[in-house]
Amino acid sequence: MDKLQRWLQKWLMPVAEMLERQRHLQAVKDGIVGIVPVIIIGSFCLVPTGIGNMLGGGVLQWVNAHNSVITLPTYFTTNIMSLYAALFIANSLAKSYDIKNVLVGPSAILAHLILSVTISEEGGWVVSYLGAEGLFVAIISGLLVVEVMRLCTKYHLTIKMPESVPPMVADSFSALVPLVIDVAAAVAVASICMAAGSTVFPQVIMNILAPAITSMDSLPAVMLIIFITQLLWVFGLHGAAITSSVWAPFAIANASANAAAVAAGQTPAHVFTFGFYYGFLQVSGSGMTLGLVILMMLSKAKSLRAIGRIGVIPSLFGVNEPIIFGVPLIMNPFLMVPFVFGPVIVAGLNYLAMSTGLVGLPLWESPGFLPPGFQAFLLTLDWKAAVMAVLNVVIMTLFYFPFFKMMEADELKKEQVR
C-alpha cells in the first residue's frame, strides 16, 4: 500500500495539481456549474409534460391544453443555456486574471450570438443552437473574449480615459478595441462556416466532438471518471471539481437531449447526465460516505464517534467534506480501498441498471443536495431509482465495514495509550 501511495504521489499528483491550477479548465467548470440552476428551472417546467405522458387521459389533455404557458420558461432557460454559460465562463476567467471590466460577460454573449445564430430570409433569428448544442461554442466564446481583452491590455491596445471619467464609461471605451477584435473574429468564423457548407459553427464543433460525446456516455467512461475523481480526493484534491471541467459539458448536453425527448413525447436515451452523477454516484457526497458516518456514530472509539455525529446532518444533504477532512479520508491507509474502488463498482451497477431498462433514465435535471433517494426520484419519476440510490449507500456501507473495523481497532489502541 505504501509503495502504491508513493507511486501515485510521484506520477498522479503533479498532473492533478496542474489541472487544478489551470485557469481555463477551472473557468469552464465554474461556468458549467453556474448554469445548473437555470437548467433545473427549465427542467421543472417539463415535469408536467412527463407526468402527462406517463399517466395519459385527462391529465395529458390538461397538460397539452396549457402547454404553452407551462413550458414558457424553457425558452429562456434551457433553450438558451449556452448564452448563460458564455457569460459565466468569461466572468470566471476574467476574475482569475483580475480583469474587472464589467463588459467582459456581455462581450462573450455578443461573440457567442454571432457564432451561433443565423438570420432567416425574413430577417428572423434562428436560435436553435443556443441550447445544449452551443455549449462548446460558449466555452470558446467565453475564453476568447477574456484572452483578447487580456492581450489588448498587456500590449496597451485599449482606449484609456482620464481618471475623472466615471468607471462605467471608462470600461466601455477600454473594451472597445477588444470588442472590435472579438466581433471581427466571430464574423469571420461564421462567414467561413456558411460559405464552406452552409452550416453554423456550433454544428461544426458538434460534428468534431460527436465521437467524444458518444463515448462519454458509456460504462467504461463513467467508471473511469469515478475512479479518477475518488483517487484525487485521496490526495487531498477536490476530485469532482477537477474532473467535472472535462465531463460536465457532455453531461449537461446529455441531460438537455433527454429533456427535449421528454418534451416531444419520446423516450430519453442518455444515462450519464449531471443529475445521474450527483443523484446516484455522489449521493451523500464523494465516496457515498453516509453509511460510514453511521458506523462512526456507533463506534466505540470516542474520536470517530464525535466526527460521525458532527458529519451526519451535512452528509444527509450531500456535503461530506467534514468527513473527508475530519476522519480524514485523505491518505487514509484503512479506507483508501473502499473509498476509491467501492464507488467505481457502484457506478458500474447503476449504469447497467439504467442502460438495460431496469431503472428509468434521467428525464431532466433536478435540485441537488437532497437526502438519498429524493433527487433520484425527481430526476426519473421512477420509484426504483429512489430505491437504487438508497441501495448505493447500503452497498457502500458494506464496502466500508471491514475496513472501518480495522481503523476503529487502531483508533481504540491509540485512545488507550492516551
Side-chain angles (χ1 to χ4, degrees), residues 13-39 80-116 134-189 232-233 235-249 252 321 325:
M13 284 289 285
V15 176
E17 289 174 351
M18 180 189 69
L19 291 175
E20 192 172 35
R21 291 193 303 266
Q22 217 293 317
R23 66 176 80 235
H24 298 90
L25 287 177
Q26 294 309 306
V28 171
K29 183 262 297 182
D30 292 342
I32 296 299
V33 171
I35 67 172
V36 169
V38 175
I39 296 171
I80 59 169
M81 69 170 72
S82 64
L83 276 182
Y84 302 112
L87 173 70
F88 292 144
I89 290 169
N91 285 341
S92 177
L93 184 58
K95 184 178 180 181
S96 74
Y97 280 127
D98 200 28
I99 297 174
K100 298 178 181 179
N101 195 303
V102 296
L103 293 178
V104 167
S107 297
I109 291 176
L110 176 56
H112 185 51
L113 285 171
I114 295 172
L115 289 170
S116 304
L135 275 178
F136 297 98
V137 177
I139 293 171
I140 296 171
S141 302
L143 300 180
L144 173 68
V145 298
V146 177
E147 289 299 335
V148 169
M149 183 168 288
R150 180 182 69 84
L151 291 173
C152 286
T153 302
K154 179 179 178 180
Y155 294 105
H156 308 291
L157 298 175
T158 57
I159 301 174
K160 295 208 67 157
M161 302 297 290
E163 293 185 3
S164 58
V165 174
M168 187 62 193
V169 177
D171 282 351
S172 299
F173 277 92
S174 65
L176 187 57
V177 174
L179 188 57
V180 169
I181 297 173
D182 295 334
V183 170
V187 169
V189 171
L232 290 172
W233 270 117
F235 294 97
L237 301 171
H238 198 299
I242 294 173
T243 60
S244 64
S245 61
V246 176
W247 60 257
I252 293 290
E321 279 82 357
F325 295 101

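All values reported here derive from a predicted model rather than from experimental measurement.
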What pairs of donor and acceptor atoms, side-chain ones from residues 103-113 against any protein atom, are under 3.5 angstrom apart with sequence neighbours left out?
residue: Ser107; atom: OG; partner: Leu103; partner atom: O; Å: 2.6
residue: His112; atom: ND1; partner: Ser116; partner atom: OG; Å: 3.3
residue: His112; atom: NE2; partner: Ser82; partner atom: OG; Å: 2.8

If you look only at distance, which donor and acceptor atoms sit under 3.5 Å apart when one is on a side chain in residues 137-152 and the other is two or more places apart or in another chain?
residue: Ser141; atom: OG; partner: Val137; partner atom: O; Å: 3.0
residue: Glu147; atom: OE1; partner: Arg150; partner atom: NE; Å: 2.9
residue: Glu147; atom: OE1; partner: Arg150; partner atom: NH2; Å: 2.8
residue: Glu147; atom: OE2; partner: His24; partner atom: NE2; Å: 2.7
residue: Glu147; atom: OE2; partner: Tyr97; partner atom: OH; Å: 2.7

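Taking CE of Met81 as the reference point, atom CD1 of Ile35 lies at 5.5 Å (rounded to 0.5 Å). The distance from the CH2 atom of Trp233 to the OG1 atom of Thr243 is 10.5 Å, given to the nearest 0.5 Å. Expressed to the nearest 0.5 Å, how far CD1 of Ile252 lies from CZ of Phe136 amounts to 10.5 Å.
In terms of heavy atoms, Ile159 sits closest to Phe173 at CB-O, 3.6 Å.
Asp30 meets the side chain to side chain donor-acceptor pair (under 3.5 Å) test with Ser92; sequence neighbours excluded. In this view, Thr158 satisfies the side chain to side chain donor-acceptor pair (under 3.5 Å) rule with no residue, not counting sequence neighbours. Asp182 pairs by the side chain to side chain donor-acceptor pair (under 3.5 Å) definition with nothing, not counting sequence neighbours.
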Stepwise side chain to side chain contact (heavy atoms under 4.5 Å, CB included) test for Asn101 and Thr153: CA-CA 11 Å; Asn101 195 303; Thr153 302; over 6 Å; no
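Applying the salt bridge (charged side-chain N to carboxylate O under 4.0 Å, His left out) test to residues at least two apart or on different chains, none of the pairs has a partner in residues 90-113.
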